[in-house]
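Take a look at the structure below.
Bear in mind the structure is a predicted one, so any value in this text is a computation, not a measurement.
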Amino acid sequence: MALDPLATVADLEARGLTVDASETAVVNVYLGVASAAVREAAGTAITRTTSTITLEGVPGQRLTLPGPPIVSVDAVTVDGRTVTGWRLVSGRLWNAAGWTGRDPSEVEVTYTHGLLAVPDDIVDLVCRMVAAALLAYRSEDGGAGLAADKEITSERLGDWSVTYGADGRVTEMELTQAWRDRLAARFGNSVTALMSR
């Protein structure tokens, strides 16, 4: 099931960006791409969803699930065998028998997690990414403005010369390392394979 974007055209317009009716389709594409980039950096859906994940079993009785807040857990298996007797305690799964034996194990968990409302700073981040992409889209006919942006790093007037550089980003949809770190710390980016049902 595809997740809704983390921001909407109305959110863009609330921030002063006018979206022409002819641009609605491309803006919706940008909203989806920006939302996917933010979710990938966070390591979770952010919004409320039900997911099935596979984690490596850890020594001990507590297993941390990504994507807080954890609302409920529907099913747990270890190496394909159904586990009973576990409890959800403070967003972590507790199992008296632990999560691994002598050999490594795979723990599959189906659970409901995430926020009911997208936080304002995340809505704003997605809107800024989309606004930058829309600006590039509008800058030249035929989509040429969507090419990797190069900034002027030096310019001289006598015998005019200009030097271009790039900030390392290929598109406006790439997050800075600072934002990646912030999202990972906030949402517990500890699972690489997260699949929503």
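For residues 47-64, the set of pairs meeting the salt bridge (Lys or Arg N to Asp or Glu O under 4.0 Å) definition, not counting sequence neighbours, is empty. Screening residues 79-90 for side-chain hydrogen bond (donor to acceptor under 3.5 Å, both in side chains), with sequence neighbours left out, gives no hits. The side-chain hydrogen bond (donor to acceptor under 3.5 Å, both in side chains) pairs that include a residue from residues 3-22 are Thr8-Asp11, Arg15-Asp124, Asp20-Ser22, where partners are two or more places apart or lie in different chains.
Looking at residues two or more places apart in sequence or on another chain, you find a side chain to side chain contact (heavy atoms under 4.5 Å, CB included) between Pro119 and Ile46, Leu115, Asp121, Ile122, Arg186. Residues satisfying the side chain to side chain donor-acceptor pair (under 3.5 Å) test with Thr77, not counting sequence neighbours, are none. With sequence neighbours excluded, the residues satisfying side chain to side chain contact (heavy atoms under 4.5 Å, CB included) with Asn28 are Val9, Thr24, Leu31. With sequence neighbours excluded, the residues forming a side chain to side chain donor-acceptor pair (under 3.5 Å) with Thr47 are Arg39, listed by chain and number.
Thr64 contributes no side-chain N or O that, together with a main-chain N or O of Arg92, makes up a donor-acceptor pair within less than 3.5 Å.
In this structure, Ala136 and Glu172 approach most closely via the heavy-atom pair CB-OE2, 3.5 Å.
Trp94 shares a hydrophobic cluster with Val89; the chain of contacts runs through ILVMFWY side chains whose heavy atoms sit under 4.5 Å apart.
Salt bridge annotation for Glu23-Arg138: present, with a cationic side-chain nitrogen under 4.0 angstrom from a carboxylate oxygen.
Under the 3.5 Å distance criterion, with hydrogens and angles disregarded, a donor-acceptor pair is assigned to the side chains of His113 and Ser51.
Proximity of Val58 to Thr100: side-chain heavy atoms (C-beta onward) are nowhere separated by under 4.5 Å. At a threshold of 4.5 Å between non-hydrogen side-chain atoms, the residues Val27 and Leu134 count as touching. Residues Tyr111 and Leu88 are not in side-chain contact: their nearest non-hydrogen atoms beyond the backbone lie 4.5 Å or more apart.
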